[in-house]
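Everything below concerns the one structure shown next.
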Amino acid sequence: MAAVVRWWDDIIETYSDPRTEDWLFMQSPVPGTLLVILYLIIVWIGPKLMANREPFNLKPLLIVYNFAMVGLSFYMFWEFNMAGWLAGYTLGCQLVDYSRSPQALRMASVCWLFYISKFIEMLDTIFFILRKKNKQISFLHVFHHAIMPFTWWIGVKFVPGGFGTFHSMLNSFIHVLMYVYYGLAACGPSMQKFLWWKKYMTTMQLIQFFLVMTHSGQLFFIECPYPKVFAWIIGLYGFIFFFLFLNFYVQAYRKSGSKPTKENGHQSNGVKDNKTKTH
């Protein structure tokens with residue numbers, strides 16, 4: 001254990017970004033880990049506590065929450081582009097700018113905000129529990145919400161910018177569209193006529209994951225000093241979710257020809273029906 005601690009301290013001292021070390025939750029992975037543990041406890045005991053209770057009517061709250069997430073997602077998408085992807089970044093070997101220039105700090109800041117947003121999105125699950133939509137709380141749903149804070153803490157701690165922000169920029173854009181969809185759906189049946197595009201959201205998700213895999217995969221074929229461990233993490237994430245959503249798409253739209261079922265619902269990276277959010 002002492003050796004592990006020394007190894008970790010050496011990594012932090014050698015490779016961590018000093019610009020982000022004093023930001024909220026960034027001094028140590030412990031605060032974020034405790035929040036994830038609390039989240040998992042809520043997932044475990046929440047449905048039990050709600051078993052003999054009536055589901056809560058959260059319509060006004062869901063409308064406010066979803067459209068607030070639209071604003072947050074759009075802001076992050078804008079910042080990822082203005083700080084890099086539309087301000088000189090290349091799709092190839094894009095290294096992290098560790099300087100304290102305004103643009104470099106802007107990119108580091110939106111990376112940190114994207115990390116913090118992963119905790120906010122845990123509310124998706126809590127709302128499912130309070131509404132007794134337990135079928136939506138799949139393993140995939142919980143796994144996604146629980147694992148993202150860890151991977152992004154590492155990202156903000158060591159590489160807040162550059163190559164690895166391509167997938168977060170894409171994901172922020174997808175979240176804009178998805179939270180618009182869920183916000184409209186939460187308004188009630190009168191908005192159904194405006195929700196004809198749910199099938200195309202799943203298609204956009206597949207395109208997103210394919211682009212993420214392609215972009216991260218190139219790092220193994222070009223000379224680039226960007227840490228390849230992050231390409232492995234990002235590429236594996238894209239690979240897993242691409243095939244999960246491809247299977248969903250086939251089952252929901254090709255075989256049955258009917259509306260998606262609710263069994264695998266999971267908020268924010270795919271669409272199954274008007275009340276279901278998926279990652």
| said: A side-chain contact here means heavy atoms from C-beta on lying under 4.5 Å apart; do Y115 and M148 qualify? | reply: no
| field | Ring centre gap for H167 and F209 strictly below 6.0 Å | value | no
| said: With a 4.5 Å cut-off on side-chain heavy atoms, are W153 and T33 touching? | reply: no
| message | Going by the rule salt bridge (charged side-chain N to carboxylate O under 4.0 Å, His left out), which residues pair with D97 if we only count those two or more places apart in sequence or in a different chain? | response | none
| said: Quick check: do V156 and F114 have side-chain heavy atoms less than 4.5 Å from each other? | reply: no
| query | So, do F119 and F25 have ring centers that fall under 6.0 Å from each other? | reply | yes
| message | In this structure, is the centre-to-centre distance between the rings of Y65 and F127 below 6.0 Å? | response | yes
| query | Would you call Y179 and S73 a side-chain contact if the rule is heavy atoms closer than 4.5 Å? | reply | yes
| With no hydrogens and no angle check, is any side-chain donor or acceptor of Q94 less than 3.5 Å from a backbone partner on G164? | no
| field | Whether F173 and F77 hold their rings parallel, tilted or perpendicular, with breakpoints at 30° and 60° | value | tilted
| said: Is the shortest side-chain heavy-atom distance between L62 and R131 below 4.5 Å? | reply: yes
| Side-chain heavy-atom pair Y181, N66 within 4.5 angstrom cut-off | no
